[in-house]
**Student:** 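The structure is given below, and queries will be raised subsequently.
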Amino acid sequence: MAHSTHHDEYKLLISLLRDVRREMGVTQIELGERLDNTQTFVSKVERGERRLDVVEFVEFCEAVGAAPQEVLARFMAQRLEKVAPSQKKAAAGKRTTRAG
């Protein structure tokens with residue numbers, strides 16, 4: 001389990017959040033205001049100096065006008081593209097099984 005902001009998958013998530021913000025035409029200053037926070041907070045998140053929890057992830061997505069579930073789906077697709085072929089099979093198998 002990744003606990004660091006320097007973990008490759010977390011870097012992938014942060015890169016995606018930055019891309020989504022830019023796609024939606026929102027500046028760091030605007031996003032900070034929408035989050036009732038500062039541009040510095042947004043910058044620290046995007047540079048990986050500040051880790052987001054799941055609630056903050058949802059707020060971040062909604063503040064830029066993106067559906068959190070769609071951003072997460074994009075992340076999962078990009079994440080799967082980066083793993084080794086043997087890991088893809090295992091990941092695909094996990095998606096089809098249910099705990100129970």
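In this text, all values refer to a predicted model and were calculated from it rather than measured experimentally.
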**Student:** Could you check whether any side-chain heavy atom of Arg34 comes within less than 4.5 Å of a side-chain heavy atom of Val26, counting everything from C-beta outward?
**Tutor:**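 Counting from C-beta outward, Arg34 and Val26 do come under 4.5 Å.
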**Student:** Rounded to the nearest 0.5 Å, how far does CD of Gln28 lie from CZ of Arg22?
**Tutor:** 8.0 Å
**Student:** Show which side-chain atoms of residues 62-75 pair as donor or acceptor with protein atoms under 3.5 Å away, not counting sequence neighbours.
**Tutor:**
residue, atom, partner, partner atom, Å
Arg74, NH1, Glu23, OE1, 3.0
Arg74, NH2, Glu23, OE2, 3.0

**Student:** Give the C-alpha distance, both sets of side-chain angles, the deciding distance and a yes or no for side-chain contact (heavy atoms from CB on, under 4.5 Å) between Phe60 and Leu31.
**Tutor:** CA-CA 8 Å; Phe60 194 103; Leu31 179 54; 3.3 Å; yes
**Student:** Using side-chain contact (heavy atoms from CB on, under 4.5 Å), reason through Leu12 and Leu16 one step at a time and then give a plain yes or no.
**Tutor:** CA-CA 6 Å; Leu12 178 65; Leu16 175 61; 5.8 Å; no
**Student:** Looking at residues at least two apart in the chain, or sitting in another chain, which of them share a side-chain contact (heavy atoms from CB on, under 4.5 Å) with Glu59?
**Tutor:**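 Expected list: Leu35, Val55, Glu56.
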**Student:** CZ/Arg18 to CG/Leu13 distance, rounded to the nearest 0.5 angstrom?
**Tutor:**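 Answer rounded to 0.5 Å: 11.0 Å.
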**Student:** Which value, rounded to the nearest 0.5 Å, describes the distance between Arg51 atom CZ and His7 atom NE2?
**Tutor:** 8.5 Å
**Student:** Before you tell me yes or no, could you show the steps for Phe57 and Val45 under side-chain contact (heavy atoms from CB on, under 4.5 Å), namely the whole-Å CA-CA distance, both residues' side-chain angles and the distance that decides it to 0.1 Å?
**Tutor:** CA-CA 10 Å; Phe57 167 80; Val45 168; over 6 Å; no
**Student:** Given the rule in the side-chain contact (heavy atoms from CB on, under 4.5 Å) test, do Leu52 and Leu17 qualify, once you have shown the distances and angles that lead to the verdict?
**Tutor:** CA-CA 11 Å; Leu52 291 178; Leu17 286 174; 3.7 Å; yes
**Student:** Take atom CG of Asp53 as the centre, draw a 6.0 Å sphere, and report whether it contains more than 12 heavy atoms from other residues, nucleotides or ligands.
**Tutor:**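 Counting neighbours around CG of Asp53, more than 12 heavy atoms of other residues, nucleotides or ligands fall under 6.0 Å, so yes.
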**Student:** Minimum heavy-atom separation for Ile14 to Glu46, with atom names?
**Tutor:** CG2-O, 3.1 Å
**Student:** Please report the interatomic distance CG(Asn37) to NZ(Lys44), rounded to the nearest 0.5 Å.
**Tutor:**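 NZ of Lys44 is found 10.0 Å from CG of Asn37.
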**Student:** Applying a strict under-4.5 Å side-chain criterion to I, L, V, M, F, W and Y, I'd like to know whether Met76 and Tyr10 cluster together.
**Tutor:** yes
